[in-house]
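Just so it is clear, the structure is predicted and the values come from calculations on it, not from any experiment.
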Amino acid sequence: MLYGGLVLYGVSAGLQLRAGLGLAPWDVLNQGVARHTGISIGTASIAIGALVLLLWIPLRQRPGLGTVSNVLVIGLAMDATLTLAPAPASLWARIPLLAFSVVLCSVATGLYISARFGPGPRDGLMTGLHRRTGRSVRLVRTCIEVVVLATGFLLGGSVGAGTVLYALAIGPLSQFFLRFFALPQTAPSAVVASGAAAGTPAPGTVSGPAAAREVPDLV
């Protein structure tokens, strides 16, 4: 789920670029940096992701396997998609391609986040700033996206209808696919508690002081 989601995320970003109708805010920045440095947009994505990850240090965020993989895999998958997928010439082909890329990005988001191997560098920046500043997640995320989008636009990144569609659709669609791909979770602590209330431990559980060591915290 983790790597399938990350690969699909990179594919969706590449297809949105091929649609030529505007990019997601972070890809606007990636494209702007790529144009000024001569590197590929996927390489720019990797470099910016690594720089964002460095900002985790003062925020005391802890990366996971998914965090590091996010930095590397998405950029590589994006460059591979741009190499293999030609840009459609007709507007009537670009519009459905844009819509498909946004839906695919939502599917990818649901997959890699549901795998629970740690947030991406950009999401970790958001939650870290939220904790350090005390501001709402909504406000922090909005400020980050506005700054990133404005910077990317000034650097020559593509802003258009696709940018607006992405901003409006990615939240609701991602929420849907997060629920769709959510892994089933058991609650051993609840089972132990219910057994203790009945006076007998539930089958397969550990009673007494050892229970705290044996029951994992799944929250």
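In this structure the side chain of Val102 never reaches within 4.5 angstrom of the side chain of Ser12, judged on heavy atoms. Between Tyr166 and Gln16 there is a side-chain heavy-atom pair separated by less than 4.5 Å. Pro63 is listed as a side-chain neighbour of Leu53, based on a closest heavy-atom distance under 4.5 Å. Proximity of Gln31 to Ser158: side-chain heavy atoms (C-beta onward) are separated by under 4.5 Å at one or more points. Looking only at side-chain heavy atoms (C-beta outward), Arg94 and Arg18 stay at 4.5 Å or farther from each other.
Checking side-chain atoms of His36 against main-chain N and O of Leu155 turns up a donor-acceptor pair under 3.5 Å.
When all heavy atoms of Ser101 and Leu15 are compared, the pair lying nearest together is CB-CB, 4.0 Å. Residues Gly120 and Trp56 come closest through the heavy atom pair O-CZ2, 3.4 Å. Nearest heavy-atom pair, Asp27 versus Asn30, reported as atom, atom and distance to 0.1 Å: OD1-ND2, 3.1 Å.
When hydrophobic side chains of Ile, Leu, Val, Met, Phe, Trp and Tyr are connected at separations under 4.5 Å, Phe153 ends up clustered with Leu17, Leu23, Val28, Ile41, Met78, Leu82, Leu149, Val159.
Put simply, Phe100 and Leu111 are part of the same group of oily side chains (I, L, V, M, F, W, Y) that touch within less than 4.5 Å, one to the next. In this structure, Leu51 is a member of the same hydrophobic cluster as Ile57, with clusters built from ILVMFWY side-chain heavy atoms closer than 4.5 Å.
Checking Thr109 against Tyr9 by side-chain atom types alone, no donor-acceptor pair falls below 3.5 Å.
For Arg122 and Trp26, the positive end sits near the middle of the six-membered ring, less than 6.0 Å away and at most 45° from its axis.
If you take OG on Ser40 and CG on Asp79, they are separated by 3.5 Å, rounding to the nearest 0.5 Å.
The aromatic rings of Phe176 and Phe180 lie parallel to each other, their planes meeting at an angle below 30°, with 60° marking the opposite boundary.
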- Could you walk me through whether Met1 and Ser114 pass the side-chain contact (heavy atoms from CB on, under 4.5 Å) check? CA-CA 8 Å; Met1 288 178 67; Ser114 296; 3.6 Å; yes

